[in-house]
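For reference, the structure discussed in these notes is given below.
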Amino acid sequence: MSQVPALSYSSYRTYLECPQRWKYLYVDKLPETPRGYFTFGRVVHSVLEELVRPLVVPSARRRGETESQRTLDEWPSAVPVAPAQPWMTQEQLLALYDRSWTGDGYVSVEEENRYRSLGRDLLLRYYEQLLRDRPRPVAVEAHLEARWNGIPVHGYIDRIDRTPAGGLEIVDYKTSRELSNEDAQDSDQLSLYQVLVANNYTEPVERLTLFHLRSLTPLRTRPRDAGALTSLHDRLGTVSDGIRNDAFEPNPGRQCTRCDFRSICPEFRAVPPTDGARLTELVDRFEALRQEEHRLETELRRTAEELHRAAEELGVHRVAGTRTTAIRRREEAWQYSLDTIRPLLERSGLAGRLGTGTPEEVRRLLRDLTIDPEVRRGLAEAGARRVRWYWELEEPRGAG
Ligand code: SF4
């Protein structure tokens, strides 16, 4: 049994994708190869943090369960006020970007230059928007923790803003190429942040936002309802139980192509050279048999159909071969249209008599003489008889 660390969104998502990879990262603490795309995201996030921090006016935070809540009035009078004038020039912003830049993980100088110029353009446009729109952040890069119904969770939230109505808006920056409204609506990350903010701040969460930096577009959604949060809590509980029980099986899939641990992952362990030839032969045989199986299935179906057509024409059910006899069997089943049956029963005050609507249930109603004959006739008319023919082989002569 392992101790379960507080789950962040990325830890939770990693475990869902592949428990084995989660173990490499969070238990064995193996490093990953840097990737330019992630480096780029980190640099842009850190510059935005510095850029927005002077605008922050802290908000009331909850304290521990045994302590009373703190309100805005308790903050020292020296609470910073959002500056009216630009607090950073464009030149200072670009100098900050240059100081923060790191070339880790880019596959070529061209790629690094492309990302570097994208970041410069994106930050300058964001800066203009910031001067125009002047958000009211109460926190940037806020590290929040909570124990959510027994599950410890935590996360770093890019920005928390005050809304015009006095509530809170959670903002998560995204440097990705594409982002849609559905991404914001379905984001487990935003749901988890909602829980963290609700547990740490006194004001209500009013909006959840993914901010698409490349287009400067905020994709806003309403806070999650209780049902969505319960469903996320269930999934977090499954992850938490898995970690506690050391369930770290590999989960191979598309994620393997970008996984740094293929060389040590049991899923990709190579067959020892001494067994290579034997196993290769087995795989080839297995594959050949599979193909034969498909061919035989097709041939069997065609032969049965041909035999059925001939037997139908002649009106016979038993056909002798040289070794055994083939017997044509008939299977009959009734199917009922529930779209017809339910309204009929509702109109007759019998809606409660039908459960899941299996054919057996309907046939029981048909046999029930306490039900009006007109209703039973309606039920019968909503049914269709399906007949299936199939062949069986008699025991070979002389067997047994
Ligand atoms: S290679 Fe695939 S299965 Fe193995 S740890 Fe990585 S993601 Fe998991």
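Atoms within a ligand are numbered from 1 in the order they appear, just like the ligands themselves.
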State, without any angle test, whether Y173 and Y126 hold a side-chain donor-acceptor pair at a distance under 3.5 Å.
yes
Criterion side-chain hydrogen bond (donor to acceptor under 3.5 Å, both in side chains) on R35 and T39, from CA distance to verdict:
CA-CA 6 Å; R35 287 185 171 76; T39 307; over 6 Å; no
Residues clustered with L314, ILVMFWY side-chain links under 4.5 angstrom:
L307, V316, V319, W391
Protein-side N, O or S atoms sitting under 2.8 Å from atom 2 (Fe) of ligand 1 are C256 SG
Pairwise distance CD(Q194) to CD1(I157) - rounded to 0.5 angstrom:
10.5 Å
Between Y115 and Y106, how do the two ring planes meet: parallel, tilted or perpendicular, split at 30° and 60°?
tilted
Stepwise side-chain hydrogen bond (donor to acceptor under 3.5 Å, both in side chains) test for H212 and S215:
CA-CA 6 Å; H212 187 232; S215 64; 2.7 Å; yes
